[in-house]
Amino acid sequence: MKKTTRNPWSWIPTLYFAEGLPYVVVMTVAVIMYKRFGLSNTDIALYTSWLYLPWVIKPFWSPFVDILKTKRWWIVTMQLFIGAGMAGVAFTLPTPFYLQASLAFFWLMAFSSATNDIASDGFYMLALDDSQQSFFVGIRSTFYRLAMITGQGLLVILAGGLEKSTGKVPFAWSITFFILAGLFVAFFVYHKFILPHPVTDTGKSATTPGEVAKEFGRTFASFFTKKGIGLAIAFILIYRLAEAMLVKMASPFLLDARDVGGLGLSTQQVGLVYGTVGVVALTLGGIIGGIVASRQGLKYWLWPMALAITLPNAAYVFLSMYMPENFILINAAVAVEQLGYGFGFTAYMLYLIYFSQGEHKTAHYSICTGFMALGMMLPGMAAGWIQEQLGYQNFFIFVMIATIPTLLLIPFMKVDKHFGKSKKTEEKLEIEQTENQ
């Protein structure tokens with residue numbers, strides 16, 4: 001008999017680790033790998049930014065994931081496809097046509113990963129009751145972050161070690177992706193047997209796909225008639241404008257030789273600096289942001305968080321101007337930038353939740369995340385070309401100039417002063433106001 005429930009500890013950590021890993025591989029590890037293969041920054045930024053597209057258009061096919069098959073089926077199938085994509089990259093890297101072939105398999109991974117995101121988040125809500133969902137929300141975030149550290153950190157360090165020991169860059173990265181492929185085959189097998197079969201995860205609906213599409217059309221239209229939609233879209237697209245360009249060139253800058261303006265770090269060092277220390281700082285910034293936002297709310301922290309996500313980009317101006325050789329100093333500069341990004345990103349996510357409130361909040365939030373991905377994709381596509389025209393130092397100065405639109409937008413944002421505050425904070429304020437009267 002199929003089990004309808006299982007101990008959530010047996011599947012939530014692996015489910016969200018498997019959700020985070022392909023995303024970080026496609027978005028960040030691919031950048032480092034192509035840089036080690038000798039591609040220009042223009043090509044790297046353009047090709048890898050296009051890989052954001054599945055997350056941009058994810059809201060358009062998410063309704064069909066709800067009615068075609070079960071969430072459980074989608075999860076295990078997509079994990080198998082992700083594993084196939086990893087294996088495809090591994091097989092093609094040593095070939096002369098590696099670029100076209102590996103990009104095709106990265107596209108397979110990107111679409112499979114975006115679909116897996118939809119199914120995993122839906123399955124989480126179906127398989128757990130409200131109290132369990134609240135309890136495990138921190139656990140799932142932790143394992144998603146661990147996947148980032150594994151991808152940007154441990155796997156890059158492994159590839160760097162293999163580069164050093166074998167002297168063959170394509171072979172080193174091929175082995176790394178074979179390991180990833182094996183890991184996702186293991187996830188596929190494990191989740192096929194261990195994921196529960198929630199009674200509500202039927203994959204059946206009284207409505208037809210056509211009716212679902214019609215309803216989604218109405219929901220989509222209602223999003224664009226919301227009050228303040230123009231300002232909201234501008235905020236979603238512009239808030240991370242500078243960061244969208246910086247993130248594409250951060251790893252190439254760390255890897256490039258000093259005679260072309262880079263810091264000349266090894267692949268292993270980049271895995272440690274950007275993939276481990278940086279991700280830990282990013283996570284810490286997000287935790288601090290969540291704590292303070294729950295006390296005073298989004299409106300109170302909007303300005304400080306906007307400054308936090310923009311001004312620390314100056315760390316890269318410092319690195320490009322002074323080009324320090326001290327590894328600890330480089331780590332500290334990257335940590336400061338990532339800490340600010342994590343802290344400032346809290347306001348961004350809270351605003352997406354705030355603007356999505358209403359009758360169709362789930363669908364509207366999904367549309368917001370599509371615009372969020374678009375806001376990273378478009379600036380990222382141009383980042384490599386801009387850097388090659390300006391050089392690293394002037395590029396990072398340009399990134400600082402690109403923070404100005406974000407800061408100019410903040411005074412116009414209208415947010416309920418109570419939004420984001422925890423219930424305990426609200427109750428405490430009410431008590432204090434009563435006592436002062």
Side-chain angles (χ1 to χ4, degrees), residues 1-25 58 62 65-84 86 109 112-155 179-205 279-280 282-284 286-287 290-291 294 349 353 361-362 365-366 369 422-424:
M1 183 179 177
K2 295 178 179 178
K3 287 194 175 184
T4 57
T5 60
R6 286 189 188 273
N7 186 332
W9 282 103
S10 68
W11 58 270
I12 287 178
T14 54
L15 185 68
Y16 279 89
F17 188 88
E19 183 177 323
L21 195 53
Y23 179 83
V24 76
V25 167
K58 183 173 71 171
S62 58
V65 176
D66 283 337
I67 65 165
L68 302 175
K69 300 289 188 178
T70 63
K71 303 289 192 305
R72 190 183 193 280
W73 181 90
W74 282 105
I75 289 169
V76 295
T77 303
M78 290 305 107
Q79 287 178 358
L80 186 60
F81 282 179
I82 291 167
M86 301 281 192
M109 270 192 277
S112 301
S113 179
T115 307
N116 183 54
D117 291 353
I118 299 167
S120 295
D121 293 341
F123 187 83
Y124 178 86
M125 291 185 280
L126 293 175
L128 303 178
D129 60 34
D130 290 348
S131 62
Q132 288 176 316
Q133 288 180 37
S134 299
F135 178 82
F136 280 99
V137 70
I139 305 300
R140 58 184 261 186
S141 297
T142 298
F143 279 88
Y144 193 94
R145 294 294 188 190
L146 283 174
M148 291 182 66
I149 292 173
T150 302
Q152 291 180 213
L154 300 181
L155 285 170
I179 292 170
L180 278 169
L183 180 61
F184 268 87
V185 170
F187 280 140
F188 162 75
V189 173
Y190 179 76
H191 288 142
K192 187 166 180 61
F193 289 100
I194 207 70
L195 286 181
H197 292 78
V199 291
T200 51
D201 186 23
T202 59
K204 303 288 192 298
S205 175
V279 174
V280 170
L282 176 74
T283 305
L284 185 61
I287 292 170
I291 292 171
S294 69
M349 295 307 296
I353 295 169
K361 62 182 179 181
T362 302
Y365 182 77
S366 181
T369 60
S422 67
K423 291 182 179 179
K424 288 184 179 179

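Worth saying up front: this structure is predicted, and the values here are computed from it rather than measured. Note that these values count all heavy atoms, side chains included, but never hydrogens, waters or copies made by symmetry.
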Exercise for the section: Please confirm whether Trp11 and Tyr124 have ring centers closer than 6.0 angstrom. Expected result: no

Fill in the blank from the handout: When rounded to the nearest 0.5 Å, the distance separating NZ of Lys69 from CH2 of Trp74 is 9.0 Å

Identify all side-chain donor-acceptor contacts of residues 182-191 below 3.5 Å with residues at least two apart in sequence or on another chain.
{"from": "Tyr190", "atom 1": "OH", "to": "Ser10", "atom 2": "O", "distance (Å)": "2.5"}
{"from": "His191", "atom 1": "ND1", "to": "Gln79", "atom 2": "OE1", "distance (Å)": "2.8"}
{"from": "His191", "atom 1": "ND1", "to": "Gln79", "atom 2": "NE2", "distance (Å)": "3.3"}
{"from": "His191", "atom 1": "ND1", "to": "Phe187", "atom 2": "O", "distance (Å)": "3.3"}
{"from": "His191", "atom 1": "NE2", "to": "Thr14", "atom 2": "OG1", "distance (Å)": "2.8"}

Exercise for the section: Compare all side-chain heavy atoms of Leu21 with those of Leu180 and state whether any distance is below 4.5 angstrom. Expected result: yes

Practice task
Without swapping roles, check the side chain of Arg145 against the backbone of Val279 for a donor-acceptor pair under 3.5 Å.
Solution key: no

Handout entry: Tyr23 side chain to Asn116 side chain, donor-acceptor N/O pair below 3.5 angstrom
Key = no

Practice task
Write down the atom of Leu15, the atom of Ser120, and the distance for their closest heavy-atom approach.
Solution key: CD1-OG, 3.7 Å

Completion exercise
By salt bridge (Lys or Arg N to Asp or Glu O under 4.0 Å), Asp117 pairs with (sequence neighbours left out) none

Problem - Pairwise side-chain contact, Glu19 with Asp121, heavy-atom cut-off 4.5 Å (strictly under) - result: yes

Problem - Nearest non-hydrogen partners of Ser113 and Pro22, listed with the distance - result: OG-CG, 3.6 Å

Exercise for the section: Nearest 0.5 Å please: distance from the CG atom of Leu146 over to the CG atom of Leu154. Expected result: 9.5 Å

Completion exercise
One should read off an interatomic distance between Thr115 OG1 and Phe81 CZ, to the nearest 0.5 angstrom, of 9.5 Å

Completion exercise
To the nearest 0.5 Å, atom OG1 of Thr70 lies from atom CG of Leu195 at 9.5 Å

Practice task
To the nearest 0.5 angstrom, please state how far the CD1 atom of Ile82 sits from the OG1 atom of Thr77.
Solution key: 11.0 Å

Fill in the blank from the handout: Closest non-hydrogen contact found for Ala147 with Gly20 is CB-C, 3.8 Å

Problem - Residue pair Pro196 / Phe123, side-chain heavy-atom distance below 4.5 Å - result: yes

Handout entry: Set of side-chain contact (heavy atoms from CB on, under 4.5 Å) partners for Ala114, sequence neighbours left out
Key = Pro54, Trp55, Lys58, Trp61

Practice task
Would you check if Phe143 and Ile12 make a side-chain contact, meaning some heavy-atom pair closer than 4.5 Å?
Solution key: no

Handout entry: Donor-acceptor pair, side chain of Ser294 and main chain of Ile291, under 3.5 angstrom
Key = yes

Exercise for the section: Please tell me if the side chains of Met148 and Leu282 come closer than 4.5 Å, counting only heavy atoms from C-beta onward. Expected result: yes

